[in-house]
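Only one structure is covered here, and it is reproduced in the block below.
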Protein chains: 2
Amino acid sequence: MFGQIMNTKLPPRTVERLSKYRRLLDKYKGLDEAHIYSHKLAGLLNLTPEQVRRDLMLIGLTGNHRKGYNIKALIGIIGNTIDRQEGQQVALVGIGNLGKAVLGFIRKAETRMNIVAAFDIDRNKINTHIAHVPCFDIQEAKQVIREKNIRIAILTVPPEVAVSTTTLLLQSGIRGILNFTSVHLDVSPDIYLKDYDIITSLEEIGFFIK
Amino acid sequence: MFGQIMNTKLPPRTVERLSKYRRLLDKYKGLDEAHIYSHKLAGLLNLTPEQVRRDLMLIGLTGNHRKGYNIKALIGIIGNTIDRQEGQQVALVGIGNLGKAVLGFIRKAETRMNIVAAFDIDRNKINTHIAHVPCFDIQEAKQVIREKNIRIAILTVPPEVAVSTTTLLLQSGIRGILNFTSVHLDVSPDIYLKDYDIITSLEEIGFFIK
DNA sequence: TGAGCAATGTGAAAAAAATAACAGTTGTTT
DNA sequence: AAACAACTGTTATTTTTTTCACATTGCTCA
Ligand SMILES: NC(=O)c1ccc[n+]([C@@H]2O[C@H](COP(=O)([O-])OP(=O)(O)OC[C@H]3O[C@@H](n4cnc5c(N)ncnc54)[C@H](O)[C@@H]3O)[C@@H](O)[C@H]2O)c1
Ligand SMILES: NC(=O)c1ccc[n+]([C@@H]2O[C@H](COP(=O)([O-])OP(=O)(O)OC[C@H]3O[C@@H](n4cnc5c(N)ncnc54)[C@H](O)[C@@H]3O)[C@@H](O)[C@H]2O)c1
């Protein structure tokens, strides 16, 4: 319906921005105008209009020279580009303070990424639901991950077990990890690893506000 | 002692990596060898040796051609480069699930970034300590931030109040923000803003593990 | 109808970042 | 003490990402 899936290699930065465009525009959908200009979108996200236009060009979206980009088409093509047709299942591993905060947050957020399982070792959490997500014993990870076709894990376990847990997850078929544990994980290049490192971010901020 | 402060403009990526080198080597300090090779450091962080050498070159650190880089000197120069002499004070704003997790985490982490105040509107939290950090009424933000010379804020308030809270923080003298609220903040270019956006990160991971 | 404006689409240039290549150094070995 | 090995330091090259610049298009209005 919205043009074909462009699976030519997209720059990582472009993918990030596409996700942001969509999330922003999801809120506009239906309400306001049917169209949006590159400079408007750029302004809302602190980017340049050229950058927006180039990103949209890369996914084969073409706007109207007078009205700008059709918002529905834009959301549609971004979806065709970055979503998987069969949906993306995500597991959260380690249901502590941080894990619970993340579960609550993602549940509220409107997203295509479905957290379908959480894992812990704590008997009090296992076999309960937290934020409507079923919690399992980490020992069942292999089966559950296979059964539910989970490919992505959010890692919020204590640092001591980060490496061993990662090994288990990779053996279970996980292909991408969002790592909150500030422990360096040594994974093969075909695993997509993204680290969230607050300390590094704070130090970076500290340096640049000098 | 460890060479002079190089305040020539460093690339953001380099600053990030410097922070990581230091954190990694803090653990090595005293224990193992006195020196480390670029390829060792690179291996530990999934970088290339050339990148490590270039980063260290940029901060004026010179290694021994046979033994590699002196770990103490390395930690020292990184400190001279990215730390502020007077220390960096940080505030956490919004002591909810996420805020508490972050407070607990940073407290445990060995870092030069000191969280010296937290703010909320909840009467039950105001005037208590959480993870040894004193909690204040957000209405007192202006005074407290001035008094304690805080320049950096971690923003973990509900999305609805993210923009207004940011305005208040900027008026109070905050220069850098680590934003967890997935709300787009429109700040002037002299404010260093870093967004942590889980949804975008997950979608990015989802795209690249295809 | 056609001049004018305000967008888009995109090649070209520039800037930023990563990688490669290699000469120079330092110790070791024979 | 000469040849060798294994590093570093740095220049050059490549790749990636952003910005510039401008021709083209679609609409409006006189
Ligand atoms: N990057 C950041 O910004 C940031 C912020 C806060 C915390 N953290 C890190 O995130 C992690 C979690 O932090 P937290 O405050 O939620 O800690 P927490 O102790 O509250 O939670 C850890 C959870 O993991 C569970 N767990 C322990 N071993 C496990 C295992 N083998 N398999 C599965 N689950 C297991 C525990 O039962 C607990 O529920 C820590 O590594 C912490 O350092 C990072
Ligand atoms: N980026 C992420 O990965 C991520 C993950 C989880 C949550 N979040 C976001 O982080 C924020 C906090 O999440 P949470 O789960 O901790 O929410 P929460 O509701 O548990 O906590 C919010 C806290 O802010 C306080 N607060 C409300 N208004 C305030 C004000 N004007 N000034 C100061 N404090 C105020 C509340 O009293 C509460 O303590 C939300 O915006 C959420 O969307 C982001």
Side-chain angles (χ1 to χ4, degrees), chain A residues 3 6 8-21 25 32-74 77-78 81 189 192-193 200 204 207-208, chain B residues 2-3 6 8-21 25 32-74 77-78 81 189 192 200 204 207-208:
Chain A
M6 306 270 297
T8 43
K9 216 157 50 51
L10 290 177
R13 303 292 173 86
T14 292
V15 175
E16 271 186 35
R17 287 191 295 265
L18 288 174
S19 167
K20 289 182 178 166
Y21 300 151
L25 293 176
D32 299 59
E33 301 293 313
H35 293 80
I36 191 166
Y37 297 121
S38 60
H39 62 80
K40 178 82 189 297
L41 200 41
L44 290 167
L45 291 169
N46 280 13
L47 305 167
T48 65
E50 297 82 10
Q51 205 163 39
V52 171
R53 292 207 299 275
R54 181 165 298 279
D55 287 338
L56 300 185
M57 185 187 103
L58 288 174
I59 59 172
L61 179 58
T62 157
N64 179 301
H65 283 212
R66 193 67 187 181
K67 295 189 270 178
Y69 297 89
N70 181 290
I71 293 180
K72 282 220 177 95
L74 208 158
I77 293 201
I78 292 178
T81 308
Y192 200 89
L193 172 68
T200 289
E204 186 190 343
F207 179 80
F208 284 108
Chain B
F2 288 123
M6 308 271 297
T8 42
K9 215 155 50 52
L10 291 177
R13 304 293 175 85
T14 291
V15 175
E16 271 185 35
R17 286 190 296 264
L18 289 174
S19 167
K20 289 181 179 167
Y21 299 151
L25 292 176
D32 298 59
E33 301 293 313
H35 293 80
I36 191 167
Y37 297 120
S38 61
H39 63 79
K40 179 81 187 300
L41 200 41
L44 289 167
L45 291 170
N46 281 11
L47 306 168
T48 64
E50 296 81 12
Q51 204 162 39
V52 171
R53 293 207 299 274
R54 176 169 299 279
D55 287 338
L56 300 185
M57 185 188 104
L58 288 175
I59 59 172
L61 179 58
T62 158
N64 180 302
H65 283 215
R66 194 69 185 175
K67 295 191 269 178
Y69 299 88
N70 181 289
I71 292 180
K72 282 220 178 97
L74 208 158
I77 293 201
I78 291 178
T81 308
Y192 199 89
T200 289
E204 186 190 343
F207 179 80
F208 284 109

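Chain A is the first sequence line, chain B the second, and so forth, proteins listed ahead of strands; every chain is numbered from 1. This structure is a prediction, so every number in the text was calculated from the model and none was measured.
Of the side-chain N and O atoms in B/Thr48, none sit less than 4.0 angstrom from OP1 or OP2 of C/dA18. Here A/Thr62 reaches the OP1 or OP2 of C/dG9: one of its side-chain N or O atoms lies under 4.0 Å away. Side-chain N/O atoms of A/Arg53 include none lying less than 4.0 angstrom from OP1 or OP2 on D/dC22.
A donor-acceptor contact shorter than 3.5 Å links the side chain of A/Tyr37 to the backbone of A/Arg66.
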Pair A/Arg54-A/Gln51, side-chain contact (heavy atoms from CB on, under 4.5 Å): steps then yes or no: CA-CA 5 Å; A/Arg54 181 165 298 279; A/Gln51 205 163 39; 5.9 Å; no

Pair A/Ile78-A/Ile59, side-chain contact (heavy atoms from CB on, under 4.5 Å): steps then yes or no: CA-CA 8 Å; A/Ile78 292 178; A/Ile59 59 172; 3.9 Å; yes

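Between the CE atom of B/Met57 and the C1' atom of C/dA18 there is a distance of 13 Å, given to the nearest Å. Taking atom OH of residue A/Tyr37 and atom C1' of nucleotide C/dT8, one finds them 11 Å apart after rounding to whole Å. Going from atom CD of A/Gln51 over to atom P of C/dT8 covers 15 Å, rounded to whole Å. When rounded to the nearest whole Å, the span between CD1 of A/Ile36 and P of C/dT8 equals 10 Å. Atom pair B/Glu16:CD and C/dA17:P shows a separation of 10 Å (rounding to whole Å applied). When the P atom of D/dT10 is taken as reference, atom CD1 of B/Ile59 falls 13 Å away, rounded to whole Å. As a whole-Å value, the separation of B/Asn70 CG from D/dC7 C1' is 16 Å. If you measure from atom CG of B/Leu61 to atom P of D/dC7, you get 17 Å, rounded to the nearest angstrom.
Shown here for B/Ile77 and B/Gly60, the closest heavy-atom pair between the two residues is CD1-O, 4.4 Å. Minimum heavy-atom separation, A/Tyr21 to A/Asp55: OH-OD2, 2.6 Å. B/Ser19 approaches A/Thr200 most closely through the heavy-atom pair OG-OG1, 3.2 Å.
Closest to the side chain of B/Arg54, out of D/dT11, C/dA17, C/dA20, is D/dT11. Nearest to the side-chain atoms of B/Pro11 among the listed nucleotides C/dA17, D/dT8, C/dT19 stands C/dA17. Among C/dG9, C/dA21, C/dT19, the nucleotide with an atom closest to any side-chain atom of A/Tyr69 is C/dG9.
Under the 4.5 Å side-chain criterion, counting only non-hydrogen atoms from C-beta, A/Leu25 is in contact with A/Leu41. At a threshold of 4.5 Å between non-hydrogen side-chain atoms, the residues B/Leu18 and B/Leu10 count as touching. Counting heavy atoms from C-beta on, the side chains of A/Arg17 and A/Leu47 come closer than 4.5 Å.
Residue A/Thr14 is classed as having no contact, given no heavy-atom separation below 4.0 Å to the nucleic acid.
At its two ends the helix from C/dT1-D/dA30 to C/dT30-D/dA1 runs along axes set 10° apart, each axis drawn from five pairs and the angle rounded to 10°.
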Return the polar atom pairs (N/O with N/O) between nucleotides 23-26 of chain C and the protein under 3.5 Å, or none.
{"unit_1": "C/dG24", "atom_1": "N2", "unit_2": "B/His65", "atom_2": "ND1", "d": "2.9"}
{"unit_1": "C/dT25", "atom_1": "O4'", "unit_2": "B/His65", "atom_2": "ND1", "d": "3.1"}

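Taking for each of A/Gly68 and B/Asp55 the nucleotide of DNA chain C with the nearest heavy atom, the 5'-most of the two is the partner of A/Gly68.
A distance of 11.5 Å separates CD of B/Glu50 from NE2 of B/His39, quoted to the nearest 0.5 Å.
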